[in-house]
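For reference, the structure discussed in these notes is given below.
Counting starts at 1 for both ligands and their atoms, following the listed order.
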Amino acid sequence: MNAGGPVRRDGDVAVFTFDNPPVNALSQPVRAALLDSIEAVDADRAVRAIVLAGAGRGFVAGADVREFDRPPAEPMLPAVLSRLEACGKPVVAALHGATLGGGAETALACHYRCASGDLQLGFPEVNLGLLPGAGGTVRLPRLAGWQAALDLMTAGRPIGIDPAIALGIVDRRVDGDLVAGAVAWARELADSGMPPRRVLDLPVPPSRPAQFEEYLRALPASARRLPAPPRIVEALASAAMLPAEAALARARTLFLECLASVESRSLRHLFFAERRPAPDPAFVRDVGRAAVLGAGTMGSGIAISLATGGIGVTLVDAKQEALDAGLTRVKSTIDAAERKGRLDAAAATAARARVQGSLTLAAVAGVDLVVEAVFENLAVKREVFGRLGELAKPGTVLATNTSTLDIDAIAAASGRPADVVGMHFFSPANVMRLVEVVRGRQSSREALATAQAVTRRIGKIAIPVGNAFGFVGNRMLYAYGREKELMMLEGASPEAIDRALQDFGMAMGPNAVGDLAGLDIGFQARKEWQEKPDDPRFYRVSDRLAELGRFGQKSGRGFYRYDGPGKERVPDPEVTELIRVEADRLGIKQRDIDPGEIVTRCILALVNEGARILEAGIAESPDDIDVIWCNGYGFPRHRGGPMFYADTLGLSGVVDSIRALAREHGNRYWEPAGLLARLAVEGATFAGWQAGRAAG
Ligand code: 3H9
């Protein structure tokens with residue numbers, strides 16, 4: 001690592017360059033170098049002005065998140081920035097690319113700011129469960145006002161150069177050589193003889209005392225319940241009411257509270273778990289064009305992802321009507337992304353031009369990757385792969401989007417199993433970031449690396465998983481779903497189950513998810529499951545609803561009714577009655593079940609199954625499981641994923657709870673997984689186990 005880069009002189013202007021690849025994070029040596037350099041140039045009579053710039057793709061992406069789990073190391077950023085702001089000579093920030101978090105706060109401690117057109121300036125701390133802890137909450141409102149500061153810091157989304165200038169955060173745009181422009185401006189400022197313009201000395205904009213309270217109340221309840229968003233609002237309210245020094249101190253205290261919170265630790269865990277190493281380029285095959293088989297919701301979603309990710313794609317469906325509908329869906333989704341500003345006009349035009357349709361499988365002849373998304377039935381898929389084996393050119397990666405079926409059985413039908421992998425996308429595929437890349441027994445390293453590389457290229461997260469029914473995500477889903485189904489028979493209503501798990505933080509309750517996905521899908525998949533538990537209670541309620549044609553939203557009825565004018569979700573007494581009858585038939589006595597029991601049983605079932613999956617080598621690491629569940633199943637990010645959550649509960653407590661459940665409900669499903677039991681006895685964690693394995 002280059003510790004902050006040297007100070008270079010451009011005549012009478014000193015240029016300090018942040019040079020700490022890959023993102024110029026403000027690690028301790030960088031802070032120390034900045035502090036020393038500022039002291040030195042402030043004292044150097046030959047220097048009349050200072051420019052701060054960043055090497056590489058951005059200015060500074062923020063504090064070094066890795067340091068947050070270590071003891072604090074001097075000099076601390078707030079003190080460095082106070083010294084920077086106190087500098088007696090004009091200090092100009094030359095901003096480009098990622099200027100985030102502590103990087104944006106560094107820019108605010110400079111006296112002036114210029115930027116190039118690629119600027120991405122923001123305060124993403126909230127995504128890590130933090131607040132801007134180096135003076136941002138006190139400085140930003142003095143430039144941009146309270147509303148902008150509240151919005152930028154609670155949303156965490158960066159802004160580009162135009163809004164940054166309009167809000168008064170950036171003073172001017174530099175086209176051409178940014179640092180040369182900044183140096184010329186710094187020299188002008190020195191020539192003008194004007195005193196440095198320190199943001200902390202600017203007047204505090206007017207605010208209404210109730211403004212902050214109102215803002216907090218208007219935030220979604222899910223945000224208000226977390227530690228960071230209310231503290232961001234409180235830090236800004238303090239900046240409105242207290243003198244600058246006191247407001248800085250208050251913000252620092254609030255920052256440290258957030259830093260110590262389990263929510264922030266969980267979000268930081270995911271930050272690193274989601275950043276996975278790229279596959280070895282030596283094994284990655286070129287993918288210029290792909291084909292997607294099946295123009296249904298899943299197939300067209302995959303086609304959209306490929307096209308917007310820069311890969312030409314042919315959508316194939318044997319039925320003209322289905323193909324037309326699929327192509328229309330692709331086009332209208334890209335149009336909508338353009339209208340909403342998620343894609344600029346040029347990118348949208350290019351994406352639309354990358355998509356073609358075909359009614360014949362022969363269209364796969366020229367492509368480098370096929371993603372099959374036809375009906376979830378082994379016989380159908382085997383037939384398709386038999387044809388693909390003949391039609392695709394040698395080396396084409398043949399991926400199936402099955403969510404549960406045996407990849408090896410599909411691969412065998414192709415006659416070239418080395419080229420076959422699973423690419424399990426999640427619905428809606430153009431929105432969800434997760435892809436499980438499934439390793440068949442004979443999948444080649446090249447096919448796996450190529451599937452992973454394509455996934456990254458289209459902006460998604462590829463998690464390698466083994467071939468077992470349901471792979472990782474759906475296999476765990478069966479344990480989670482099993483418990484909610486049992487509890488319905490035992491007396492919990494579908495809506496009580498959903499409410500309890502949503503209050504825990506799940507994006508949606510499992511019954512509402514079932515209705516959205518279609519209860520016929522799971523019904524169908526369970527029919528194909530060879531080792532399904534021989535238990536008449538297993539998914540009895542879901543199966544019964546599907547047998548009655550209550551498929552969920554698409555049929556107007558499922559666990560809930562959707563036949564009101566707005567198709568809103570409404571509890572259905574018929575379902576309560578149906579469950580009661582089934583419980584009677586199975587001899588289950590119904591009782592009251594409290595939300596705590598619902599959460600404990602569903603979440604511990606997940607954890608226990610996750611541990612089994614690790615033991616069996618179906619998932620490579622607890623981190624992978626956490627990424628899968630947070631990105632594919634709406635597990636609350638602030639709890640870090642099921643395995644991290646178990647660590648925060650303490651594994652011996654988890655095992656005690658599982659044993660208590662076994663005493664109450666029998667040990668058919670509640671035998672603690674061997675790995676979990678062992679780690680609990682050792683007083684260890686999943687994270688420690690993973691680190692131990694990585695160390696060899
Ligand atoms: C903060 O600033 C708090 C302050 O208010 C107060 C302090 C007192 N630290 O994402 P990529 C690594 S909180 C350490 O794949 P991209 C990342 O792990 C911080 N490491 O690249 C990866 O490592 P590896 C607020 C970091 O081009 C590599 O860099 N700032 C950090 O897709 C490449 O990352 C943020 O939250 C970091 N801050 O995206 C910004 N950032 O190669 C977080 C990245 O070993 N960063 N790494 O896997 C980002 O949003 C993206 O990384 C960025 C680049 C947009 C910059």
Ligand 1 versus Leu26: contacting region, heavy-atom distance under 4.0 Å: neither
Ligand 1-proximal atoms of Phe272, by part, heavy-atom distance under 4.0 Å: side chain
Any N/O pair Ala134/ligand 1 closer than 3.5 Å: no
Partner residues of Ala429 under the side chain to side chain contact (heavy atoms under 4.5 Å, CB included) criterion, sequence neighbours left out: Met298, Ile302, Phe425
Distance flag for atom 10 (O) of ligand 1, protein heavy atom under 4.0 Å: yes
Close N or O approach (Arg252, ligand 1; < 3.5 Å): no
Part of Pro124 within contact of ligand 1 (heavy atoms, under 4.0 Å): side chain
Side-chain donor-acceptor contact under 3.5 Å, His638 with Glu263: no
Close approach, Gln120 and ligand 1, non-hydrogen under 4.0 angstrom: no
Under 3.5 Å: N/O of Leu100 near N/O of ligand 1: no
Contacts of type salt bridge (Lys or Arg N to Asp or Glu O under 4.0 Å), residue Arg637, not counting sequence neighbours: Glu274
Point-to-point distance, once rounded to the nearest 0.5 Å, from CG of Leu84 to NE2 of His111: 6.5 Å
Separation between CG of Leu270 and CZ of Phe635, rounded to the nearest 0.5 Å: 9.5 Å
Aromatic ring proximity, centroids under 6.0 angstrom, Phe271 and His269: no
Test of proximity, Val65 against ligand 1: N or O pairs below 3.5 Å: yes
Geometric N/O contact Phe271 with ligand 1, under 3.5 angstrom: no
Side chain, backbone, both or neither: the part of Pro22 lying under 4.0 Å from ligand 1 by heavy atom: side chain
Polar proximity ligand 1 side, Pro132 side, N/O cut 3.5 Å exclusive: no
